[in-house]
Enquirer: 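Supplied in structure tokens, the structure appears directly below.
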Amino acid sequence: MFHYLQKASGNPMSERERVREKYNPQAIESKWQNFWEEQQSFRAVEEAEREKYYLLVMFPYPSGRIHMGHVRNYTIGDLLARFQRLRGKNVLHPMGWDAFGMPAENAAIQKGTHPRTWTYSNIEAMRRELRSMGLSYDWQRELATCDPQYAHWEQELFLKLYEKGLVYRKLSQVNWDPVDQTVLANEQVIDGKGWRSGAVVERRELSQWFLKITAYAEELLDGLRQLENGWPETVRSMQSHWIGKSHGLEFAFAIEGSDETLPVYTTRPDTVMGVTFCSIAAEHPLARRIASANGAAQAFIQACQSVGTSEEAIERLEKKGFPTGLQAIHPLTGERVPIFIANFVLMNYGTGAVMAVPAHDQRDFEFARTYRLPIRVVIQPPGVTLDPAEMSEAYTGPGVLCHSGPFDGLENETAKEKIIAAFVAQKVGNATTQYRLRDWGISRQRYWGNPIPMIHCPQCGIVPVPVEQLPVPLPDDVELTGSGNPLARHPTWKQTSCPRCSTAAVRETDTMDTFAESSWYFLRYCCADHDGPLDVARVNHWMPVDQYVGGIEHAVLHLLYARFFHKALRDCGLVACDEPFSRLLTQGMVRKDTFRCPEHGWRYPEEVRQQADALYCLQCNARIQVGRNEKMSKSKHNVVDPNDIIQGYGADTARLFMLFAAPPEQDLEWNDSGVDGAWRFLNRLWRLILDVADLPYQPPARTMPEQADLRALRSKTHETIDKVSRDVQRFQFNTAISAVMELVNAANEWQNATQEGQRTPEGLAVLREVAESAVLLLNPFVPHITEELWHRLGHAQPLCQQRWPEVDAEALQRESITLVIQVNGKLRARLTVAAEATPEQIEAAALAEPAVQQQLLNRTIRNRILVPGRLLNFVVN
RNA sequence: GCCCACGUGGCGGAAUCGGUAGACGCCACGGACUUAAAAUCCGUUGAUCGUAAGGUCGUCCCGGUUCAACUCCGGGCGUGGGCACCA
């Protein structure tokens, strides 16, 4: 369907002035979405010959509506998937639903809808919204983690880990709401109180299930090196810190008047002669025993336990302690130092007890000042002599030891080794390696999760559910009220018999952390219809994921749990590769200003009024506090609904704006006004391509033309192809788009400057090459409009089956270059020289510039710095 | 508190390996077209001095390295994210 221009002689109208068909995104977008679906254009089938490319985006929690963070994540993912397809790869690009979790239970409590009903209707709604974005998913591999099948296979995987010895049970602390009789998540604890009941939250110990991630600590740390080229430095460093490997000394203090000892772990053995007291956690066995006979101690411990379980809450505390009255005996000096119970010592790190060196540890320093304990300096920094009485903070840097007997005069790094050696020689301590990483507690006392397939038998103890009896199904008839544990309260569900001895037994009523589901969904996508947990051959065909795209907020937990789970499954023989995600792109968050009224709380933008420089609440006229950009969230009323943009401007405009507004790793401040710019550009593109389609057909240029303006336009085309190809691969989508904008602008300028009658076949060929290149290059960004324009350019085959354009090296050859001439580093002139000009020629031309001559008057050139292709700098006195 | 980032015009951002600061876009202003409006097109747009040519200053702040610093180093200030039961 070529549209040849009927050129009636004497017609004064140029083709630019004719009425053109308007760009109508709604019509075009649904047309091509239907086309792709009917043609199954994005279905991924395992192929032996073509190179595979697994592009994964983090699957969403089905909250019911997509938000801007989703739009950003999935637009980036789709761009990369479509790019790799155009480059000839066999791309797997799946989508699914992270469907278990607390919001479904909250909805059930508030609205009475069953979590399953609520979740599946949300999935329906979100699938429709995602479809309207034109994302190139293979929907045949779609999965929902709350699906009974998925839960079944996950229970089977859990049992495999159990057989491997990676699952165990131990006491662990939770946030306990004494009114609702339920366990609270950290986010449900607000200022130390339960979010629903308002009751003061307590720390309570429960017996819970754990996965032994610490067994893989060393491999998880070591594996980060393998990811050096594919993962952002920041994520690797966060994970490495999270694992927190440290080398140190473990030794025990004797306790005066007791047979017991107090084991401690320290990473600073060089400061061991500066110990002036010891601190133990509130949960330390020694603390408990003291409390059993001492009311004051018990009260102190209880106060410590009214803090919540998050590390942040504990670390922000004012440092407080309680003297136990016990004295610890220093193993090297025999000196007696007091033992305190301290609210900032963590039971689950090291031994739950620490030696305190206030001169060289900030927390110990603050503690010592509060309780007037002695401070003993044992490391002197170079050139300074520290006086404990004068110190305002601990000194934690390097230095030379003092007051340390035989170790005086040693550099502290050397001293670490010598002191460890001394402890080992006297058989009072050991060099040890510690990890900050703790085992992964997967027990949740909630309904909307996957039941842990275990049975408690009064005779046999804990017995796993046999594989042939799986799945343990979630009962549908539960009452969700927000208090208690729904599965535990169910009248019959937990009643069963022991698989070993057949006596009456009860099921485990804990469900799994939802991070379990997201730890293997990428493997399940490879074989979504398999009747069993995983089809090893297909998993190994697609794995590892070549590119993973998701939010930076998952840098540690999800990405570390998934790496661990993957390695554990590898050791069960279910997958071959060591690391699941070869490359990772972490996108920044989408943020927006927040408005808060002192009276009415968070306000929507339409609920405030601007007057002069300030904003006021429409309801009460109170002055609004404008929060600087915060992560978009419903509770803060700063959410922009992507559907408004998609319905108003079309998905292509929404996608283009998202990608153009900021590079993906950076946070994005949402600002509607930029959307118009994206819309205008697509309209300019639309008009240009329809104009070109209307011109007499010439095949796209394949060689350099003679005419200067055409040479320039063709060079620009190939520079753009080159730049977009490189920018997409380095995730600089905004600059890739601006490069195509420049090309489209250049083509328009050429069109405007060239009379219709002056168009030669050569010119038409260059123009068609521009048009086809621009459409191809933009396809991964704005797939609908480019499919339509490709069709209008006369192509029978869809654009999604084309190949990415190739750069013509000849078109990139520069004939002349512009150099900057500096004098003492300041720009004084610009010089255009032939590309092959010699340094002598360049200098002669530079010295001929009047501006340069003026600067060189009465000065002597002492040096010249020539950066080829860039600048020449004269250094003068 | 600890860990990790980030800070460039009125705004989003660009400058890929230490080498032209402000590409591209938004906003604003001026103009063309139109009976008018919308749309579109053309132009101006970091600050400051100057009629102009041109000069000076300028990438959060202070200091350093270098012929040359948005970029590297040290110190500070500010903002954002994570902190193990939100996902």
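To find a chain, count down the sequence lines: A is the first, B the second, and so on, and within it residues start at 1. These numbers come from a predicted model, not from an experiment.
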Enquirer: Does B:rC83 have OP1 or OP2 sitting under 4.0 Å from an N or O in the side chain of A:Arg436?
Expert: no
Enquirer: Of all heavy-atom pairs between A:Ala846 and A:Leu831, which one has the smallest distance, and what is that distance?
Expert: N-CD2, 3.7 Å
Enquirer: Is the distance from OP1 or OP2 of B:rU40 to the nearest side-chain N or O of A:Asn748 less than 4.0 Å?
Expert: no
Enquirer: Quick one: label A:Phe660 by what it contacts on the DNA or RNA (base, sugar-phosphate, nothing), any heavy atom closer than 4.0 Å.
Expert: base
Enquirer: Indicate the atoms forming the closest heavy-atom contact of A:Gln208 with A:Gln173, along with that distance.
Expert: NE2-O, 4.4 Å
Enquirer: Within this structure, what is the CG-to-P distance between A:Asn186 and B:rC86, rounded to whole angstrom?
Expert: 6 Å
Enquirer: Does B:rA87 have its OP1 or OP2 closer than 4.0 Å to a side-chain nitrogen or oxygen of A:Arg446?
Expert: no
Enquirer: So A:Pro663, base contact, sugar-phosphate only, or nothing? Heavy-atom distance under 4.0 Å.
Expert: sugar-phosphate
Enquirer: Under 4.0 Å between any heavy atoms, over every strand shown, what does A:Phe681 touch: base, sugar-phosphate, or nothing? Just pick one.
Expert: nothing
Enquirer: Looking only at heavy atoms, which two atoms of A:Leu743 and A:Ala774 are closest? And how far apart?
Expert: CD2-CB, 4.4 Å
Enquirer: Would you indicate whether the side-chain heavy atoms of A:Val876 and A:Ile861 approach each other to under 4.5 Å?
Expert: yes
Enquirer: Can you tell me how far P in B:rU71 sits from the matching atom in B:rG82, rounded to whole Å?
Expert: 29 Å
Enquirer: Within the 4.0 Å heavy-atom criterion, would you say A:Arg870 contacts the bases, only the backbone, or no part of the nucleic acid?
Expert: sugar-phosphate
Enquirer: Is the glycosidic torsion of B:rG9 within 90° of 0, making it syn, or is it anti?
Expert: syn
Enquirer: Are the ring centres of A:Phe344 and A:Phe367 closer than 6.0 Å?
Expert: yes
Enquirer: Across the strands shown, which category fits A:Trp242 at heavy-atom distances under 4.0 angstrom: base, sugar-phosphate, nothing?
Expert: base
Enquirer: Between B:rG30 and B:rA37, how far apart are the P atoms? Round to whole Å, please.
Expert: 14 Å
Enquirer: Would you mind telling me which of B:rA84, B:rC3, B:rC86 lies closest to the side-chain atoms of A:Glu187?
Expert: B:rC86
Enquirer: Could you tell me how far apart A:Ile645 (CD1) and B:rC26 (P) are, to the nearest whole angstrom?
Expert: 16 Å
Enquirer: CG of A:Leu559 versus P of B:rC83: gap in Å, rounded?
Expert: 13 Å
Enquirer: Select base, sugar-phosphate, or nothing to describe what A:Ala661 touches, counting heavy atoms under 4.0 Å on all strands.
Expert: sugar-phosphate
Enquirer: Whether A:Arg363 contacts B:rC2 is assessed here as follows: a side-chain N or O lying under 4.0 Å from the phosphate OP1 or OP2. Is that the case?
Expert: no
Enquirer: Can you tell which of A:Leu184, A:Leu206, A:Thr182 makes a side-chain contact (heavy atoms from CB on, under 4.5 Å) with A:Gln445?
Expert: A:Leu206
Enquirer: Using the rule ring pair (Phe, Tyr, Trp, His ring centres under 6.0 Å), only one of A:Tyr23, A:Phe660, A:Phe657 pairs with A:Trp679; which is it?
Expert: A:Tyr23
Enquirer: Looking across every strand, which nucleic acid part, if any, lies under 4.0 Å from A:Val174 by heavy atom: base, sugar-phosphate, or nothing?
Expert: base
Enquirer: Hey, is the side chain of A:Glu749 pairing donor to acceptor with the base of B:rC41 inside 3.5 Å?
Expert: no
Enquirer: On the nucleotide B:rC27, are OP1 or OP2 found under 4.0 Å from the side-chain N or O atoms that A:Arg680 carries?
Expert: yes
Enquirer: Is any side-chain N or O of A:Arg438 closer than 4.0 Å to OP1 or OP2 of B:rA84?
Expert: no
Enquirer: Measuring to OP1 and OP2 of B:rG25, would you say a side-chain N or O of A:Ser738 lies under 4.0 angstrom away?
Expert: no
Enquirer: Determine the interatomic distance between C1' on B:rG10 and the same-named atom on B:rA28; round to the nearest Å.
Expert: 8 Å
Enquirer: Examine distances only and state if a side-chain atom of A:Asp667 and a backbone atom of A:Met589 form a donor-acceptor pair shorter than 3.5 Å.
Expert: yes
Enquirer: Using whole Å, what does the distance between atom P of nucleotide B:rA87 and atom CG of A:Asp513 come to?
Expert: 7 Å
Enquirer: Do A:Phe874 and A:Ile821 touch side chain to side chain, with heavy atoms closer than 4.5 Å?
Expert: yes
Enquirer: Please classify the nucleic acid contact of A:Gln445 as base, sugar-phosphate, or nothing, using heavy-atom distances under 4.0 Å.
Expert: base
Enquirer: Could you tell me how far apart A:Asn752 (CG) and B:rU40 (P) are, to the nearest whole angstrom?
Expert: 15 Å
Enquirer: Pick base, sugar-phosphate or nothing for A:His558, based on heavy-atom distances below 4.0 Å to the nucleic acid.
Expert: nothing
Enquirer: Which whole-number value in Å describes the distance from A:Trp750 CH2 to B:rC41 P?
Expert: 19 Å
Enquirer: Rounded to whole angstrom units, what separation is found between the CD atom of A:Glu21 and the P atom of B:rA39?
Expert: 21 Å
Enquirer: With heavy atoms under 4.0 Å as the rule, sort A:Gln208 into base, sugar-phosphate or nothing.
Expert: base
Enquirer: Is A:Asn734 close enough to B:rA14 that one of its side-chain N or O atoms is under 4.0 Å from OP1 or OP2 there?
Expert: yes
Enquirer: Looking at B:rA87, B:rC85, B:rG19, which one has an atom nearest to any side-chain atom of A:Thr514?
Expert: B:rA87
Enquirer: Answer yes or no: does a side-chain N or O of A:Gln732 lie under 4.0 Å from OP1 or OP2 of B:rA14?
Expert: yes
Enquirer: Heavy atoms under 4.0 Å, any strand shown: does A:Ile552 hit a base, just sugar-phosphate, or nothing?
Expert: nothing
Enquirer: What nucleic acid atoms does A:Glu742 come within less than 4.0 Å of, heavy atoms only: base, sugar-phosphate, or nothing?
Expert: sugar-phosphate
Enquirer: Give one of base, sugar-phosphate or nothing for A:Val556, where a contact means two heavy atoms less than 4.0 Å apart.
Expert: nothing
Enquirer: Strictly by Watson-Crick or wobble contacts shorter than 3.5 Å, is anything paired with B:rA14, and which nucleotide is it?
Expert: none
Enquirer: So what does A:Val875 touch, heavy atoms closer than 4.0 Å: a base, only the sugar-phosphate, or nothing?
Expert: sugar-phosphate
Enquirer: Is the phosphate of B:rU40 approached by A:Asn683 (side-chain N or O, under 4.0 Å from OP1 or OP2)?
Expert: no
Enquirer: Assign B:rC17 to syn or anti; the rule is syn for a glycosidic angle within 90° of 0 and anti otherwise.
Expert: syn
Enquirer: Rounded to whole angstroms, how far apart are CG on A:Leu827 and P on B:rG54?
Expert: 12 Å
Enquirer: Spell out yes or no: do the side chain of A:Lys826 and the base of B:rU56 have one donor N/O and one acceptor N/O closer than 3.5 Å?
Expert: no
